[in-house]
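Each residue takes its place number in the sequence, starting with 1.
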Amino acid sequence: MKSRFAAEATILRALGHPARLAILEVLRHRPACVCHLTAALHRPQAYVSQQLGVLRDAGLIEGQRDGAFVYYYYRLRNYGVLGMLDLATRLLGRAPEATPAAGPLAGCECPQCAVGEAPAKGAGA
């Protein structure tokens, strides 16, 4: 028999990793593709993809392909999770910091960074 709190536990486990929190922080500002997240986190693509899978399985993010491009943009499914991140920061006695928007990144070749624009219509949150 499943616990009454099984779904909540899945979400909290997904939030229990620094790399996944960093991904959510990037997605706070706009959708991002794997290559953008790889450049932002300075981690290998396979590692970032694994962390994205955990977040997706927990229902925290979703992805959408960008039209003619082979880029798959990830975005938050519910921005309420950001309140949880901010609350955790406050519990540590710190004020949530305003983070710069995830703009174009050196080393990222996605269309978003190449032209400095948001992803194609429909891929945004």
Would you mind reporting whether N78 and L60 have side-chain heavy atoms less than 4.5 Å apart? no

Side chains of residues 47-57: which donor-acceptor pairs under 3.5 Å do they make with residues two or more places apart or in other chains?
unit_1: S49; atom_1: OG; unit_2: Q45; atom_2: O; d: 3.1
unit_1: S49; atom_1: OG; unit_2: Q45; atom_2: NE2; d: 2.7
unit_1: Q51; atom_1: OE1; unit_2: R20; atom_2: NH1; d: 2.6

Taking atom CG of L76 and atom CZ of R30, what is their separation to the nearest 0.5 Å? 13.5 Å

Cluster question for you: counting only ILVMFWY and a side-chain heavy-atom cut-off of under 4.5 Å, with indirect links fine, are L85 and L87 together? no

Closest non-hydrogen contact found for L27 with Y74 is CD2-O, 3.3 Å

Side chain to side chain contact (heavy atoms under 4.5 Å, CB included) partners of T10, counting only residues at least two apart: R13, A58

Are any non-hydrogen side-chain atoms of I23 and V26 less than 4.5 angstrom apart? no

Donor-acceptor pair, R94 side chain versus T89 backbone, under 3.5 Å? no

Which heavy atom in L21 sits nearest to a heavy atom in L15, and how many Å separate them? CD2-O, 3.3 Å

OH/Y79 to CG/L24 distance, rounded to the nearest 0.5 angstrom? 11.0 Å

Those residues at least two apart in sequence (or on a different chain) that pass side-chain hydrogen bond (donor to acceptor under 3.5 Å, both in side chains) with D86 are R28

Interatomic distance, SG@C33 vs CD@Q64, rounded to 0.5 Å, equals 13.5 Å

